[in-house]
Amino acid sequence: MLSRDEWLDLARKLDWDFSYVTERDVFPEVTSGSPWLRQEEWKDWDEPFRTTYAEYVANQSAKEASVRAVREAVGQAADFQKLHPHWLSALKLHAATLPLAEFAAVVGNLRAARFGRDSAWRTMSTFGALDEIRHAQIPLVLLHDMVRHDPQFDWTHKFYHSNNWVAIAARHLFDELLLASDPIEFAIATHFVFETGFTNLQFVGLSSVAHAVGDRMFETMLKSIQTDEARHSQIGDAVLAKIVAHDPARAQYLVDKWFWRTWHLFAVVTGFSMDYLTPLASRRTSFKEFMQEWVLDQFVRTMEEHGLSRPWYWDTFVESLDAYHHMVYASAYSYRATVWFDFALPGPEERVWLAEKYPSTWPMFEPVWRRLADRWRESGPGVEWHSHGATPVGFCDLCQLVLSGGTPEQNTAVTVTRGDKKLVFCSEPCRWIYEQEPSRYEAHDDVVKRILAGEAPANLLELLRKYFGLTSATWGKDVERGGYRWLGEE
Amino acid sequence: MLVPLYTFVKGDTLGIVVLVQDGDTIAALAETIADAASMRVAPGSEMTVLAGGKRLDPRATVSSAGLTMLDRVDLVMSSERAAPASQVGMSR
Ligand SMILES: [Fe+2]
Ligand SMILES: [Fe+2]
Ligand SMILES: [Zn+2]
């Protein structure tokens, strides 16, 4: 029998010269990506895992078995009831935004499995596609299952099939990232920026928080998914190195663009979960501290190793670490009925913790929370609308999220006139991304434009029910319905 | 004619879209914005509306102030609320 090393490269790295078609016909630039390089240039492409299909199947099968075992051990109704109600909101946020995005990642990987420019890359992308199928299926089954205990978990499946404003923003990001990008952009954006730079936040950071709150099932699931990400994300480094060598400006552009887009997503998903939805006793580090350790230090070092600069908006980014997720959380709290999960009102002890972790910006947020608490005192528990906005909010024409750039002192939104269209951006980087490739974005209308065009209702209740897909049973509320003991004491 | 505006209150966490009539005064616009953000920002006694960095005359109308659809407008409120008597001596 041949030893592994004797046959491995014949199976995973086999490219050949075409005789009756040209290389450009087999790998057209529009589907293979830019810069277009001849195979000759790619032939030393490699990644460190060098997995065989048999090894892949054996490893994955073992991973499935351990997830199943944990589910059997701790997936009962009694286990669900032990989870802290605030933490359930973090699960609902994850359940809706990530599993079906992983399904879209199957498509991105499959495109690279066909149109990636080297066979070892295509082999790894095939495994990547198989990985992403389980990343969609496992959380769909584990988290949607909870709908038996709580109707908001219906949004695990429903979210991406709705016109909820968060779903519009998430689709705007993921459609471009995972469905519309060519294999080169996909490799740099998804494998390098998203998976190497950011998924650690949710899949390592939040998994350690899950451990602290006693949610073994979620912890196991995240860790199991992360082992796959660690493998297929290696595609990113290898493709980026090649693009830096041939077209450094394009490499820098793609990193700059996707770093900002990805940052916004994780600021909401992981930022809310770590700094607001995790019960105080289980918090370890702040979201910012996690960002500093996992994204700033490690990612900046990797960028430098590739000979790339920090994104041009680096100072804006560093400032936004202290503010952006706080801006969006307070905004979303006061528009909580527009989403599918509940919000916790930070009490005095949580605000002390937040003030310690964010000394430069928290004094700007403290009055907002004091005001919201006063509104609850005026209305008493159970009256959601007194501490809830009724006026439509604005949305960024790039990220499609609320206009929450900058700080409460200085909101960074900018309006821009393009032809007969008036656009608004939450921040300069969002505006810059749009203006690099306007044809990619200009046909997409934000929610406000849809309301003005009569496509979506202007009345908030109508908008929630008819356009955002919510009902009084599923729309977001204060997780304690305003019944905090400290409201009477502070 | 109805004019939708992107409005930002100093101290607030997001931009909201306020609908006003082009004949409404800037003072009335200020009241509308302050009311729309009141669950997050306490109303102040003095209100200043700014557009493009310039202070707008409260007696002007939305159209005479040159505001058009989807412009950005900022509201700054002074929080000079009467301090409780016991604190007056300490703070001034
Ligand atoms: Fe994944
Ligand atoms: Fe992945
Ligand atoms: Zn934006």
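Because the structure is a prediction, the values reported are computed rather than measured. We name chains A, B, ... by the order of the sequence lines, and we start the count at 1 in each one. All values below come from the heavy atoms of this structure, side chains included, with hydrogens, waters and symmetry mates left out.
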With rounding to the nearest 0.5 Å, note down the distance linking [atom1] in [X] to [atom2] in [Y].
X	Y	atom1	atom2	value
B/Tyr6	A/Thr415	OH	OG1	9.0 Å
B/Asp35	A/Thr391	CG	OG1	7.5 Å
B/Asp12	A/Met327	CG	CE	7.5 Å
B/Lys10	A/Thr407	NZ	OG1	9.0 Å
B/Asp74	A/Gln410	CG	CD	7.5 Å

**Report entry** Which of B/Ala36, B/Gly11, B/Pro4 touches chain A most, by non-hydrogen pairs under 4.5 Å
**Finding:** B/Gly11

Among [options], residue most engaged with chain B (heavy-atom pairs, under 4.5 Å):
options	answer
A/Ile451, A/Val402, A/Val424, A/Asp374	A/Val424
A/Lys422, A/Met364, A/Glu409, A/Arg370	A/Lys422
A/Pro408, A/Gly389, A/Ala330, A/Ala413	A/Pro408
A/Leu372, A/Leu403, A/Val328, A/Thr417	A/Leu403
A/Ala323, A/Gly394, A/Ser331	A/Ser331

For [X], is it the side chain, the backbone, both, or neither that has a heavy atom closer than 4.5 Å to a heavy atom of chain B?
X	value
A/Val368	both
A/Lys421	neither
A/Leu452	side chain
A/Tyr329	neither
A/Thr412	backbone
A/Pro367	backbone
A/Tyr333	neither

Report task. Give a yes or no on whether the backbone of B/Ser38 and the side-chain of A/Arg371 come within a donor-acceptor separation of less than 3.5 Å. Result -> yes

Query raised in the report: So, B/Arg40 side chain and A/Ser334 main chain: donor-acceptor pair closer than 3.5 Å or not?
Result: no

Query raised in the report: Where on B/Val17 is there a heavy atom nearer than 4.5 Å to chain A: the side chain, the backbone, both, or neither?
Result: both

Query - Contacting region of B/Thr7 [heavy-atom separation from chain A under 4.5 Å] - result: neither

Query - Side-chain touch B/Arg72/A/Val414, heavy atoms, less than 4.5 angstrom - result: no

Requested in this report: Answer whether the closest heavy-atom distance between the side chains of A/Val393 and B/Ile16 falls below 4.5 Å.
Outcome: yes

Query raised in the report: side chain to side chain contact (heavy atoms under 4.5 Å, CB included) between B/Thr13 and A/His326: does it pass, once the steps are laid out?
Result: CA-CA 8 Å; B/Thr13 55; A/His326 298 313; over 6 Å; no

